[in-house]
Student: 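Supplied in structure tokens, the structure appears directly below.
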Amino acid sequence: MAEFERERARMVDEQLAGRDIDDPRVLAAMRSVPRHRFVTPRQAAAAYEDHPLPIGNGQTISQPYIVALMCQAARVRAGDRVLEIGTGSGYAAAVLGELAAEVHTVERHSELARAATRALQPWPNVHVHEGDGTLGLPECAPFDAVLVTAAGPDVPEPLVEQLGEGGRLVIPVGEPRFGQQLIRLTLQGDELLRDRLMPVVFVPLIGRHGTAP
Ligand code: SAH
């Protein structure tokens with residue numbers, strides 16, 4: 001146990017603070033969530049390494065740095081209502097659960113949604129939904145921040161529509177073969193500001209407003 005804590009502290013110091021993660025709330029959240037509980041026992045020893053890991057169903061838990069970068073870019077505040085598309089292991093949802101008031105996360109694979117629901121029991125403010133996240137979650141909108149952890153050809157329109165005033169949408173866009181970009185859209189009045197953050201590699205976003213199943 002103490003060994004995992006040491007590894008987690010080293011992960012935060014070297015992979016996050018040692019790069020460009022400087023939001024103290026994000027660093028604290030990444031220091032507290034036990035990432036090894038979100039991977040299979042076989043992968044636990046590698047949980048704090050600087051790369052993604054397989055979680056079954058052909059999917060991956062993102063590299064710790066990418067999770068921290070997306071949370072920082074989304075400027076998640078303590079009172080925020082957050083939507084995540086692509087629950088996967090549930091790890092990023094747990095980090096968001098530390099940062100925000102209420103988190104809704106959507107996963108299309110029922111097996112992953114079930115496992116994540118169990119892993120997320122210590123975060124009662126995180127709610128797992130099974131379904132096509134490219135449709136968003138209109139019944140829970142509007143959201144202060146939306147994070148998408150799978151990449152589609154374009155930004156799904158429903159996710160933009162479900163942003164509240166000042167809302168931030170962080171999403172990788174592009175096809176695997178042609179390169180994906182992590183971008184941030186910020187809704188300011190009638191304007192949608194667009195920032196390019198960095199080139200990334202994510203699994204495909206599959207659904208009505210993503211890649212066809
Ligand atoms: N945030 C996750 C990373 C998971 S990888 C973590 O911390 O572990 C991306 C996930 O997106 C995969 O589990 C994949 O099944 C899911 N996904 C892809 N398209 C989706 C869609 N349209 N709706 C919901 N989930 C989707």
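Just follow the structure's listing: the first ligand is 1, and inside any ligand the first atom is 1.
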Student: Can you check whether D144's main-chain N or O pairs, donor with acceptor, with R168's side chain at less than 3.5 Å?
Tutor: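 Present.
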Student: Ignoring hydrogens and geometry, is there a side-chain-to-backbone donor-acceptor pair from N125 to G97 under 3.5 Å?
Tutor: yes
Student: Please tabulate protein-ligand N/O pairs under 3.5 Å for ligand 1, atom names and distances to 0.1 Å.
Tutor:
residue	atom	partner	partner atom	Å
ligand 1	1 (N)	E84	OE2	2.9
ligand 1	1 (N)	G86	O	3.0
ligand 1	1 (N)	T149	OG1	3.2
ligand 1	7 (O)	A92	N	3.1
ligand 1	8 (O)	S89	N	3.1
ligand 1	8 (O)	S89	OG	2.7
ligand 1	13 (O)	E107	OE1	2.7
ligand 1	13 (O)	E107	OE2	3.4
ligand 1	15 (O)	E107	OE2	2.6
ligand 1	19 (N)	I206	N	3.0
ligand 1	22 (N)	D132	OD1	3.0
ligand 1	22 (N)	I206	O	2.6
ligand 1	23 (N)	G133	N	2.8
ligand 1	25 (N)	R108	N	3.3

Student: Would a distance-only check, ignoring hydrogens and angles, find a side-chain to backbone donor-acceptor pair under 3.5 Å from D132 to T134?
Tutor: yes
Student: Is it possible for you to check whether R19 lies under 6.0 Å from the centre of the six-membered ring of Y65, through NZ or CZ, and within 45° of that ring's axis?
Tutor: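 Judged by the rule, R19 and Y65 form a cation-pi pair.
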Student: Kindly say whether P204 contributes a backbone atom to a donor-acceptor pair with the side chain of T211 at under 3.5 angstrom?
Tutor: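 Pair absent, no side-chain N/O of T211 close to backbone of P204.
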Student: Take the angle between the ring planes of Y91 and F38 and call it parallel below 30°, perpendicular above 60°, tilted in between.
Tutor: perpendicular
